[in-house]
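These notes concern the structure reproduced below.
A quick note: this is a predicted structure, and the numbers were derived from the prediction, not measured.
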Amino acid sequence: MTTDGPILVVDDDAVSRHVLRDALTAEGLTCEAMAGGAAALAWLEVNQPAAVLLDLVMPEPDGFAILRYVRARKHLADVPVVVLTGLDADDEIERVFASGADDYVHKPFRPAELVARVKGQLRLREYVEQLSRRERDAHTVLEMTQALASTLDIRDILFTVVKRVADVVRVDRCSIVLIGDHGNVGFVLATSDDEHVRDLPLDLAKYPEIREVLRTGHTLVIRDSSEHPLFEALRRTEPPLAFCSLALAPIITEERAMGVLFLRSRRSAAFSDHEMALVHTVANATAIALRNARILQTLRDETQQSTFARVEAERRVQLFQRYADFFESAADGMVVIDREGYVLFGNPRAREILGFSETEFMSLRLSELVVESDRAPSARLLRGFAEGVYPRGVDLHVLTSRGDPVIISVSFSSVLHEDDAILFTFRDATQERKTAVELKQTKESLERVIDSSVDGIISADLSGTVVLFNRAASRIFGYSPEQVVGKMSVEKLYPAGVARDVMRKIRDPNLSGPGRLEGHRVDMVDARGCPLPVTLSAALIMDGDQVLGSVGIFTDNREKLRMETRLHEAQEELRAREKQAIVAELAGTAAHELNQPLTSVIGYAELLRRSVRGDASLENAVGVIIGEAERMAEIVRKIGKITRYETKSYVGEARILDLEKSSGDTTDDKGGQR
């Protein structure tokens with residue numbers, strides 16, 4: 001059994017005090033023992049007992065004096081007092097209760113009976129306190145719910161509500177937290193420990209307990225945050241929580257948790273069922289108050305805005321009437337709108353272009369005139385008016401009354417500053433924009449054709465600045481278009497003085513024609529400064545008789561020249577090979593032609609050797625002839641092996657060059673040359 005303080009034992013008998021202390025302590029009750037009335041009164045001045053166990057018969061001040069003291073003190077008036085007395089007369093018992101005692105025990109007493117009576121008084125006191133607390137709490141809840149229900153400016157009462165809840169539940173902080181539209185940020189509307197806190201943002205990533213209540217829609221009680229699994233991730237990255245015990249009740253509207261009533265205590269708190277029931281009641285009352293305040297305020301705002309808008313519209317129509325004659329005769333469409341985009345006036349030309357009647361036109365907004373894709377730009381225009389931005393020449397795509405799309409070119413101005421209105425004039429630019437689109441498409445098509453050309457195409461204005469530089473020109477000259485267009489003079493692409501010479505030839509009527517030059521070969525200069533041989537066809541760009549610039553088409557001749565060089569080298573090599581072949585043919589033919597006479601020489605020399613045997617000088621001469629002939633025959637055989645060139649029948653199927661036919665010196669059988 002819990003008590004708010006010790007039990008005060010007052011008895012001048014030492015044995016009785018000892019027995020009383022032992023009996024109470026054995027039952028788990030704490031006690032303070034005093035030997036006399038004076039000591040007891042001194043202790044009561046600074047302490048609050050849970051109960052008083054009092055002997056009546058003592059030296060002054062006696063037990064009756066102490067009993068009167070206790071009942072006379074407001075903070076002690078409800079403390080139960082059990083007296084010890086040996087008196088048994090009815091009048092004495094009546095006096096005991098008349099003096100304020102709650103119960104009495106006869107001396108000598110039995111410890112079990114004494115302890116039972118003390119515990120009974122403690123329980124009775126606890127019941128009374130609970131009833132009293134519940135009565136106070138009920139009164140508090142009624143007071144808070146009435147306050148919440150009776151105010152439209154709910155912010156004025158929220159601090160009082162959280163302050164009272166914190167006092168009743170005995171926590172260090174009570175807060176009302178509402179959730180933002182995206183669900184990742186909360187806002188503290190009020191907190192019990194700081195009256196000035198309003199709309200304080202909270203990163204809900206650091207409050208898993210709030211996210212859990214929003215997810216489940218149920219109350220959450222955490223008695224020890226240091227061990228709860230919800231904070232496991234936070235404990236690794238964040239410092240320890242400042243609060244030990246937490247309790248959260250959802251604030252629910254339209255079956256959805258819009259926030260929480262958040263209680264925190266630095267000490268361990270029990271959060272009894274009675275306390276949580278009170279918290280639930282306050283949370284529900286807060287939800288109803290927030291919803292009612294929002295709905296009622298919205299209705300009031302809408303009613304006020306509607307009334308104001310009607311009055312303003314009527315006043316402005318009267319004001320704009322004086323401009324009617326000017327608007328009526330204007331050739332362009334003229335419309336007056338307010339800063340919300342509502343049409344206040346439109347002239348006949350505006351209605352004619354868009355096809356609306358006057359009544360239909362006056363019921364429109366700017367956002368209702370434009371097509372879906374232009375609604376965002378029109379909204380930006382309205383926001384710009386508030387900043388004093390009035391653009392001119394803006395294209396808007398609008399729909400006529402028949403649903404036909406029309407492009408209007410609009411210019412805005414604020415001519416009625418005192419009435420906060422905007423005038424815009426417009427004209428139908430549909431056909432003009434269509435033509436512009438077609439011209440743009442044609443231009444883009446021509447640009448694609450020019451860009452896909454295999455020849456370089458370069459155009460320059462009258463000052464010589466390059467204005468067109470296609471992909472092939474970039475490949476040929478080694479410059480990117482970004483480096484050239486609008487930044488480089490065409491003269492830089494030629495050697496010094498050549499550009500002027502080319503322009504002179506373009507203007508020379510005796511060449512290709514006036515203002516034209518065709519198939520002109522010229523050396524230009526690439527990005528590395530290397531010569532670049534090209535074939536140029538160029539012309540002046542004319543607008544009637546006026547020269548606007550020039551354009552040139554450049555064919556890269558480097559590959560052509562390389563091919564010509566390789567062809568010339570191949571021809572030279574072929575000629576050399578032909579000469580070598582002819583030499584080989586001649587050598588081979590000579591070898592074959594000499595072979596037969598040498599064979600005959602050797603044969604006759606052998607015959608001659610046989611016929612001159614015995615004549616040493618002739619045999620030596622014949623030997624020399626045979627030796628030289630054989631050496632010559634060996635040379636002929638080697639030449640034959642090297643050349644292997646045969647063009648006429650020689651032996652078997654072998655053919656050799658016919659020298660007589662090759663030289664053209666043969667004669668026919670009649671001696672004539674052929």
>> Quick check on side chain to side chain contact (heavy atoms under 4.5 Å, CB included): which of Gln121, Arg123, Arg117 does Pro80 satisfy it with?
In response: Gln121

> Is any NZ, NE, NH1 or NH2 atom of the basic residue among Arg173 and Asp193 found under 4.0 Å from an Asp or Glu carboxylate oxygen of the other?
Replying inline: yes

>> Restricting to non-hydrogen atoms, name the atom on Phe243 and the atom on Ser225 that form the minimum distance, rounded to 0.1 Å.
In response: O-OG, 2.8 Å

> Taking atom CZ of Phe385 as the centre, does the number of heavy atoms from other residues, nucleotides or ligands within less than 6.0 Å exceed 12?
Replying inline: yes

> Are Asp194 and Lys163 ion-paired here, with the side-chain N under 4.0 Å from a carboxylate O?
Replying inline: no

>> Just verifying a value: how many Å separate Ile222 CD1 and Cys244 SG, rounded to the nearest 0.5 Å?
In response: 10.5 Å

> Does Arg256 CZ have over 12 foreign heavy atoms under 6.0 Å away?
Replying inline: no

> Are Ser245 and Ser265 linked by a side-chain donor-acceptor pair shorter than 3.5 Å?
Replying inline: no

> Do we see a donor-acceptor contact under 3.5 Å between the side chains of His397 and Ser373?
Replying inline: no

>> Ignoring hydrogens, what is the shortest heavy-atom contact between Asp172 and Ser192? Give both atom names and the distance.
In response: O-OG, 4.1 Å

>> Which heavy atom of Glu227 sits nearest to which heavy atom of Arg235, and what is that distance?
In response: N-NH1, 3.8 Å

>> Show every salt bridge (Lys or Arg N to Asp or Glu O under 4.0 Å) that has at least one partner inside residues 42-54, sequence neighbours left out.
In response: none

> Glu238: what forms a side chain to side chain donor-acceptor pair (under 3.5 Å) with it, not counting sequence neighbours?
Replying inline: none

> Given side chains that start at C-beta, do those of Leu20 and Leu53 come closer than 4.5 Å, heavy atoms only?
Replying inline: yes

> Could you give all pairs that pass the salt bridge (Lys or Arg N to Asp or Glu O under 4.0 Å) test and reach residues 371-387, with sequence neighbours left out?
Replying inline: Glu372-Arg375

> Any side-chain donor paired with an acceptor under 3.5 Å for Asp22 and His18?
Replying inline: yes

> Under 6.0 Å from the six-membered ring centre of Tyr207 and within 45° of its axis: does the NZ or CZ of Arg211 meet both?
Replying inline: no

> Does the cation-pi check pass for Arg236 over Phe231, that is, NZ or CZ under 6.0 Å from the six-membered ring centre and within 45° of its axis?
Replying inline: no

